[in-house]
Amino acid sequence: MITSFWSLTPDKIYSSLQTTVNGISNTIAQQRIAEQNKKKKIKSRLQRDFILFFNQFKNPLVLLLVAAVILSAFLGETSDVFI
């Protein structure tokens, strides 16, 4: 059963987060940072640029314009396609 965090006592919250009133120890902090660095995937600049480029096509206006270009090409309006 999931318990809401506001109904827990501070001691239970501290124990679930592996911390104390004074914060976490240096060794636990280093372990958590090491775990996060393992999970972090390093992408090349080219991959990041491609992802950024393709994410721009998620915008509904861009999708509408792409659909308009496809429709213009299908109808034979080549000048509208190039514009």
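Just so you know, these numbers come straight off a predicted model, no measurement behind them. The residues of the chain are indexed from 1 along the displayed sequence.
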Sidechain-backbone polar pair: S4 side chain, S7 backbone, donor-acceptor under 3.5 Å: no
For the pair F54 and F50, name the ring-plane relationship: parallel under 30°, tilted 30 to 60°, perpendicular over 60°. parallel
Between CD1 on residue I51 and CG on residue L46, distance to nearest 0.5 Å: 10.0 Å
Quick one: closest heavy-atom pair of R32 and I24, and the distance? NH1-CG2, 4.0 Å
CG on N26 to CD on Q31, rounded to 0.5 Å: 11.0 Å
Give a yes or no on whether I70 and F57 share a hydrophobic cluster (residues Ile, Leu, Val, Met, Phe, Trp, Tyr; joining criterion: side-chain heavy atoms under 4.5 Å apart). yes
Tell me, do N55 and K58 make a side-chain contact under 4.5 Å, heavy atoms counted? yes
In this structure, would V66 and F53 fall into the same cluster of hydrophobic residues linked by side-chain contacts under 4.5 Å? yes
Using a 4.5 Å cut-off on heavy atoms from C-beta on, say whether the side chain of Y14 contacts that of T19. yes
What's the spacing between I33 CD1 and I28 CD1 if we round to 0.5 Å? 12.0 Å
Specify the closest pair of heavy atoms between I13 and S16, including all atoms of both residues, with the distance to one decimal. O-OG, 2.9 Å
